[in-house]
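Structure, as structure tokens:
Computed from a predicted structure; not experimentally measured. All residue numbers in this chain count up from 1 along the given sequence.
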Amino acid sequence: MKAKLKRLHSPDVDLQSYWPEDTRNFSFLVQALIGPADAEGEESFDIEVCTPEWLRSQYSDTDVLSGRHLLIVFDYDLDRIRNYVSH
């Protein structure tokens with residue numbers, strides 16, 4: 001079975017019109033709906049899209065993060081985010 005990104009959704013922002021105030025410091029939840037390429041159905045995978053600056057603003061220098069469920073980007077580019085998740 002080959003998996004396919006069926007769509008991206010965010011409960012935090014409208015992905016069609018969203019543009020962060022600061023493209024180097026933002027975070028939002030995106031849900032990747034992925035399913036079989038040749039059939040109906042999909043599963044939702046939650047990913048927090050954020051920048052290193054946002055991480056710095058939320059955590060101290062002594063915190064340790066695994067990075068699990070984080071997609072760390074250096075600026076906002078929805079096409080690049082979509083391409084990354086779909087591959």
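Heavy-atom minimum distance, Q31 versus P11: OE1-CD, 3.8 Å. Considering all non-hydrogen atoms of both residues, L33 and H9 come closest at CD1-CB, 4.1 Å. The heavy-atom pair separating K6 from E42 by the smallest distance is CB-OE1, 3.6 Å.
A donor-acceptor pair under 3.5 Å is absent between the side-chain atoms of T23 and the main chain of D75, judged by distance alone. Of the possible polar contacts, none joining the R7 side chain to the A32 backbone as a donor-acceptor pair under 3.5 Å is found. K4 places no side-chain N or O within donor-acceptor distance of the main-chain N or O of S86, the cut-off being under 3.5 Å.
Taking Ile, Leu, Val, Met, Phe, Trp and Tyr as members and joining any whose side-chain heavy atoms lie under 4.5 Å apart, directly or through other members, the hydrophobic cluster of L15 also contains L5, L8, V13, Y18, W19, F26, F28, V30, I34, F45, I47, V49, L71, V73, Y76, L78, I81, Y84, V85.
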Candidate pair I72 and C50, rule side chain to side chain contact (heavy atoms under 4.5 Å, CB included), full reasoning: CA-CA 5 Å; I72 302 167; C50 63; 4.2 Å; yes
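Judged as a salt bridge (Lys or Arg N to Asp or Glu O under 4.0 Å), and not counting sequence neighbours, D12 has no contacts.
By the 4.5 Å heavy-atom criterion applied to side chains, D22 and T51 are not counted as neighbours.
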